[in-house]
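Reckoned from all heavy atoms, side chains included, excluding hydrogens, waters and symmetry mates. Not measured: the values here are computed from a predicted model. The chains referred to below are lettered A, B, ... by the order of the sequence lines, with proteins before strands, and numbering in each begins at 1.
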Amino acid sequence: MIELRNVHKAFGQNEVLKGINLKVNKGEVAVILGPSGSGKTTLLRCINFLETADDGELIIGDSKVNFRNAARKEILAVRRRTAMVFQNYNLFNNMNALENVMEGLVTGRKFPIEKAREIASQALDKVGLKDKYNAYPLQLSGGQQQRVGIARAIALNPDVILFDEPTSALDPELVGEVLAVMQAVAKEGITMIVVTHEMSFAMDIAQHIIFMDGGNIVEEGTPKEIFTNPKENRTKQFLERILPRWNYTI
Amino acid sequence: MGSLFDIRLVFEYFPTIISRFHITLLIVVVAIGVGLLLGLFIALARMYKIPILNQLSIVYVSFIRGTPLIVQLFIIYYGFPLLLDEIGIDVTQWEKLYFVLIAYGLNNAAFMSEIIRSAISSVAVGQHEAAYSVGLSRWQTLRRIILPQAFLTAFPVFGTRVVTTFESTSLAFTLGILDMIGQAQAIGSRTYHELEGYVVLAIIFIAVSMILEKIFIYAEKRLILNRR
């Protein structure tokens, strides 16, 4: 279980998160929706301290961290319980696919190399890249790079994987392969918090939808509740704009 | 005094002059070695804004880059013994070569630090973030992800720096070091045939520079392959 309590974050005068409270259960796939600038990505990045929130608490498993005075050791501990998949993949350019996946295990968690190689190759097999162990990031397509990114995250066996718009930088025809892998990861019961604009993923895969606007969580619930019966006007407005309505007659 | 330029003397002087090549080589190797280590240290002090060290580094780098090498050589040669004498170390018996090595090392450190610093900051922010996200510490990130990538970026400039350092060793003779230049001078003043010695020097310097450049271009190709 992962819980955020009263998370505040400002960049200078610009208050991006205005007291976020959020609970995501173990094994749950949570999708954060919202217009750009609503604080979705910042919230996600606060969870693994890529941004340091100004105030609030993070509870992950049995450990509790205060954002205001988190020690470097605590931050590292949180990072070793989480993993992230980035919009721009951010694979290590100086390493091939297998080394990319092994790095967090060998250097971060001190796994023996053989053990790490075994875990890493299983992870790469899972994302369908059995034949790309030795490929460097620049030799891979965007979709393949992102699948390595996902393998890198699942290999760490984290409490939660954070997905920051994982398909936004991809060519439209490569989005499918990445979504399919994410769906497979979801089926394994790994806790996922996903910031995305892929409504089909939110509707079909997620169990928990969080709608954010202006640094607040406006509304949350199951996909059914949010998509078919939103309570807040702001949510309705957003969904109307973003969901295709196939009732045109031409 | 015979003719002003005698081609036979070029061949005659060549072995004598190149026999001092190891001194030049020593200066280059020490300068690059010290430069890399101290330069990395300075670059990190500046990147992570370590108090006091950061300010010292800024002053140091702008001093070295703002003064001619020959001035630095003489300041080290005359100033360093005084400084060390203050803390009770007597270096009056040191060979001149040591001062030359120190001066070239310190000089190179300033230039190297700037090369390293710009190479490190050219590595995308996302690389740091990805490393942190898989649970690497700041030092592990630097060592495993950032420095290897920065190294590839810095390599071509580094190669140029090595060639420049090699050329700049030609000032060491001003402290009376008997390197290749010193040898050519000695021959010149003994025989009044100055030009031949310098022609030999020109040939040696251009040959070595070209070889170095070729080596670096080849190494660069081999290193980079698909990694960038």
Student: Is the number of heavy atoms from other residues, nucleotides or ligands within 6.0 Å of CZ (B:Phe155) greater than 12?
Tutor: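 Yes, CZ of B:Phe155 has more than 12 neighbouring heavy atoms, counting only those of other groups under 6.0 Å.
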Student: Could I get the full list of salt bridge (charged side-chain N to carboxylate O under 4.0 Å, His left out) partners for B:Glu95, not counting sequence neighbours?
Tutor: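 Here no residue qualifies.
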Student: Which bit of A:Asn88 is near chain B, if near means a heavy-atom gap under 4.5 Å: side chain, backbone, both or neither?
Tutor: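 Neither part.
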Student: With a sphere of 6.0 Å drawn around OH of B:Tyr48, does it hold more than 12 non-hydrogen atoms of other residues, nucleotides or ligands?
Tutor: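 Atom OH in B:Tyr48 is crowded, with more than 12 foreign heavy atoms closer than 6.0 Å.
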Student: Examine whether an atom of A:Phe86 lies under 4.5 Å from a heavy atom of chain B, and if so say whether it belongs to the side chain, the backbone or both; otherwise answer neither.
Tutor: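 For A:Phe86, the contact with chain B is made by the side chain alone.
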Student: Considering residues, nucleotides and ligands other than B:Ile206, do more than 12 of their heavy atoms fall under 6.0 Å from its CD1?
Tutor: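 No, because the 6.0 Å sphere around CD1 of B:Ile206 holds 12 heavy atoms or fewer from other groups.
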Student: Using a heavy-atom cutoff of under 4.5 Å, enumerate the residues of residues 96-113 of chain A that contact chain B, numbered in order, or state 'none'.
Tutor: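 Interface residues of residues 96-113 of chain A: A:Glu103, A:Gly104, A:Thr107, A:Gly108, A:Arg109, A:Lys110.
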Student: Who in residues 120-140 of chain B is close to chain A, using a strict under-4.5 Å heavy-atom cut-off?
Tutor: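 Only B:Gly126, B:Gln127, B:Glu129, B:Ala130, B:Ala131, B:Tyr132, B:Ser133, B:Val134, B:Gly135, B:Leu136, B:Ser137, B:Arg138, B:Gln140 of residues 120-140 of chain B have a heavy atom under 4.5 Å from chain A.
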Student: Measure across A:Asn93 and B:Gln149 and return the closest heavy-atom pair with its distance rounded to 0.1 Å.
Tutor: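 Heavy atoms of A:Asn93 and B:Gln149 come nearest at N-NE2, 3.6 Å.
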Student: Which heavy atom of A:Met95 sits nearest a heavy atom of B:Ile145, and at what distance?
Tutor: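 Answer, listing the atom of A:Met95 first, then B:Ile145: CE-CD1, 3.7 Å.
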Student: Check whether A:Leu91 gets within reach of chain B through its side chain, its backbone, both or neither, counting any heavy atom under 4.5 Å.
Tutor: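 Interface part for A:Leu91: backbone (N, CA, C, O).
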Student: Contact part of A:Arg72 toward chain B, heavy-atom cut-off under 4.5 Å: side chain, backbone, both or neither?
Tutor: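 Side chain only.
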Student: Apply side chain to side chain contact (heavy atoms under 4.5 Å, CB included) to B:Ile211 and list each qualifying residue two or more places apart in sequence or on a separate chain.
Tutor: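 B:Ile215.
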Student: Above 12 or not: heavy atoms from other molecules or residues under 6.0 Å from OH of B:Tyr218?
Tutor: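 Check fails, neighbour count at 12 or below.
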